[in-house]
Amino acid sequence: MNELTAEQTEGLREALRKLQSDLEQLLRSTRESTQPVDLDEPIGRLTRMDAIQQQKVSAANRRTHDIRLQQVKQALAAMNNDRYGLCRRCEDPIGFPRLEARPESPYCLDCQNEVDRKHGLS
């Protein structure tokens, strides 16, 4: 677990477990908000359009939370395989400050920037 002390690793493990629990709870509590809008419900056209828009926003947020949950699970698995803290692209160590800010980070900052540029996010 390159360059991370045992204390840092344990703190990150706890942060990942808490984040996993929080994300799972969030996904459970927002499940209903992504259900299709009933078009037969007697509400106004604008209210229906607002409800459909809100459903789409909720669905997008849930996808984002689900992706993050999967990253958290992968990070916890990487801890069990002594691969946590290594970038998945270049295999260089991911700095502790980055892991402290986002413990599920799969990439070092340089590789993350490259991935973001490739996907038009920067």
Side-chain angles (χ1 to χ4, degrees):
M1 288 208 228
N2 315 358
E3 300 186 16
L4 294 175
T5 66
E7 184 178 298
Q8 289 171 330
T9 301
E10 194 52 40
L12 291 167
R13 183 185 316 273
E14 289 305 311
L16 284 165
R17 286 180 180 152
K18 180 174 181 349
L19 184 55
Q20 180 180 11
S21 175
D22 291 349
L23 287 167
E24 287 171 344
Q25 174 60 32
L26 182 62
L27 288 168
R28 276 191 301 273
S29 69
T30 60
R31 186 174 295 135
E32 189 173 305
S33 67
T34 60
Q35 298 302 313
V37 175
D38 183 6
L39 298 179
D40 294 330
E41 188 175 332
I43 58 176
R45 181 176 62 87
L46 292 178
T47 304
R48 184 173 291 112
M49 288 172 49
D50 286 342
I52 290 169
Q53 181 63 29
Q54 187 61 39
Q55 184 266 341
K56 288 180 181 181
V57 168
S58 293
N61 285 336
R62 281 182 55 83
R63 279 191 298 276
T64 300
H65 296 315
D66 190 51
I67 289 168
R68 192 166 185 204
L69 178 59
Q70 296 313 311
Q71 289 176 333
V72 167
K73 289 178 179 180
Q74 289 171 359
L76 286 167
M79 278 187 165
N80 293 333
N81 297 325
D82 291 329
R83 301 290 302 156
Y84 182 72
L86 296 177
C87 177
R88 282 200 222 146
R89 290 186 81 212
C90 69
E91 298 199 10
D92 283 346
I94 300 171
F96 178 69
R98 176 161 172 74
L99 292 172
E100 191 173 35
R102 196 152 175 112
E104 75 279 11
S105 296
Y107 305 120
C108 67
L109 199 51
D110 290 338
C111 288
Q112 184 67 58
N113 288 335
E114 194 173 315
V115 167
D116 289 348
R117 271 192 305 279
K118 182 178 177 183
H119 290 77
L121 300 174
S122 60

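Count residues from 1 along the sequence. Note that this is a predicted model, so its numbers are computed, not measured.
Here the closest heavy-atom approach between residue Leu99 and residue Leu4 is recorded as CD1-CD1, 4.0 Å. Considering every non-hydrogen atom in both Glu91 and Leu86, the closest pair reads O-CD2, 3.6 Å. Residue Cys108 comes nearest to Ile94 through the heavy atom pair N-CG1, 3.8 Å, listed as atom of the first residue, atom of the second, then distance.
Applying the salt bridge (Lys or Arg N to Asp or Glu O under 4.0 Å) rule to pairs touching residues 95-108 yields Arg68-Glu104, Arg102-Glu104, sequence neighbours excluded.
Residues meeting the side-chain hydrogen bond (donor to acceptor under 3.5 Å, both in side chains) test with Glu10, sequence neighbours left out: Arg13. For Glu7, the side-chain hydrogen bond (donor to acceptor under 3.5 Å, both in side chains) criterion is met by no residue, not counting sequence neighbours. Taking Arg89 as the reference, Cys87, Tyr107, Cys111, Glu114, Val115 meet the side-chain contact (heavy atoms from CB on, under 4.5 Å) condition, with sequence neighbours excluded. Here Asp22 pairs with Lys18 under the side-chain hydrogen bond (donor to acceptor under 3.5 Å, both in side chains) rule; sequence neighbours left out.
Side-chain contact check for Asp66 versus Arg62: every heavy-atom pair is 4.5 Å or farther apart. For the pair Leu12/Phe96, a side-chain contact is recorded, criterion being any heavy-atom separation below 4.5 Å from C-beta on. Two residues are said to be in side-chain contact when any heavy atoms from C-beta on lie closer than 4.5 Å; Leu69 and Leu27 meet this criterion.
Side-chain atoms of Gln54 and Asp50 include no donor-acceptor pair closer than 3.5 Å.
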>> Go through it in stages, so that I can follow the logic: the residues are Gln25 and Arg28, the test is side-chain hydrogen bond (donor to acceptor under 3.5 Å, both in side chains), and I'd like the CA-CA distance, side-chain angles, deciding distance and then a yes or no.
In response: CA-CA 5 Å; Gln25 174 60 32; Arg28 276 191 301 273; 3.0 Å; yes
Which atom pairs, one a donor and one an acceptor, fall under 3.5 Å between side chains of residues 71-79 and the rest of the protein, sequence neighbours left out?
residue	atom	partner	partner atom	Å
Gln74	OE1	Arg88	NH1	3.2
Gln74	OE1	Arg88	NH2	2.7

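With rounding to the nearest 0.5 angstrom, the CD atom of Glu24 is 12.0 Å from the OG atom of Ser29. Leu19 CG to Leu26 CG: the interatomic distance, rounded to the nearest 0.5 Å, is 10.5 Å.
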